[in-house]
Amino acid sequence: MKYLVIVAFIAIIGSLAAALVYMMRGGSATEADGTARKNHMARALAFRVGFSILLFVVVLICYLMGWIQPTGLPLRG
């Protein structure tokens with residue numbers, strides 16, 4: 001589970017970096033080969049949001065199934 005979370009965070013950060021690159025390239029309407037440019041930045045950010053939600057749901061399901069346990073400080077009562 002630990003490795004799944006690490007890979008997911010790397011994918012999320014990579015997608016955020018890709019969106020930054022697309023934003024910094026500017027707003028030209030066509031690619032270098034003459035084809036129309038799609039909105040790559042919005043797609044990269046949508047992937048990041050979707051992947052973050054998917055990671056949250058997977059961690060929640062793993063917790064509910066008992067595959068992972070919380071290791072925080074105990075509650076005072």
Side-chain angles (χ1 to χ4, degrees):
M1 187 67 192
K2 186 186 314 184
Y3 298 116
L4 176 72
V5 171
I6 290 171
V7 169
F9 277 131
I10 290 171
I12 290 168
I13 298 297
S15 177
L16 191 61
L20 175 67
V21 168
Y22 291 132
M23 182 180 72
M24 297 305 285
R25 277 193 184 163
S28 64
T30 59
E31 291 287 340
D33 61 356
T35 60
R37 186 169 79 106
K38 302 209 182 343
N39 199 350
H40 294 293
M41 186 180 76
R43 193 178 324 152
L45 291 174
F47 174 78
R48 183 187 66 85
V49 170
F51 208 70
S52 298
I53 292 170
L54 178 68
L55 177 63
F56 177 76
V57 169
V58 167
V59 168
L60 183 64
I61 289 172
C62 289
Y63 171 72
L64 292 175
M65 298 286 278
W67 297 340
I68 57 174
Q69 298 295 322
T71 59
L73 298 173
L75 297 174
R76 295 183 195 180

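Every value quoted in this text rests on a predicted model; they were computed, and no experiment measured them. Along the sequence shown, the residues carry numbers beginning at 1.
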Colleague: Donor-acceptor check, side chain of S15 to backbone of A11, threshold 3.5 angstrom: yes or no?
Modeller: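 Checking the backbone N and O of A11 against the side chain of S15, no donor-acceptor pair under 3.5 Å is found.
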Colleague: Find out if a path of hydrophobic residues (ILVMFWY) with successive side-chain heavy-atom gaps under 4.5 Å connects L20 to I12.
Modeller: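 Unlinked, L20 and I12 end up in two clusters.
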Colleague: Linking I/L/V/M/F/W/Y whenever any side-chain heavy atoms sit under 4.5 Å apart, do L64 and M1 land together?
Modeller: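 Yes; M1 is reachable from L64 via cluster members.
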Colleague: Would L60 end up clustered with L4 when hydrophobic side chains under 4.5 Å apart are linked, directly or stepwise?
Modeller: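 Same cluster.
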Colleague: Rounded to the nearest 0.5 Å, what separation is found between the CD1 atom of I61 and the CZ atom of F56?
Modeller: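 With rounding to 0.5 Å, CD1 (I61) is 10.5 Å from CZ (F56).
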Colleague: Out of L55, V58, I10, which one pairs with V5 under the side-chain contact (heavy atoms from CB on, under 4.5 Å) rule?
Modeller: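 Of the listed options, the one satisfying the test is L55.
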Colleague: Same cluster for F9 and L45 if Ile/Leu/Val/Met/Phe/Trp/Tyr side chains link at under 4.5 Å?
Modeller: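 They do not share one cluster, since no chain of ILVMFWY contacts under 4.5 Å joins F9 to L45.
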Colleague: Could you state the interatomic distance from NE2 (H40) to OH (Y22), rounded to the nearest 0.5 Å?
Modeller: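 Here the rounded value is 5.5 Å.
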Colleague: If two hydrophobic side chains count as joined below 4.5 Å and joins carry through other members, does V57 share a cluster with M65?
Modeller: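 Looking at the clustering, M65 is in the same group as V57.
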Colleague: Does F51 have any ring-ring contact (aromatic ring centres under 6.0 Å, His included) partners at least two apart in sequence or in another chain, and if so, which?
Modeller: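 Expected list: F47.
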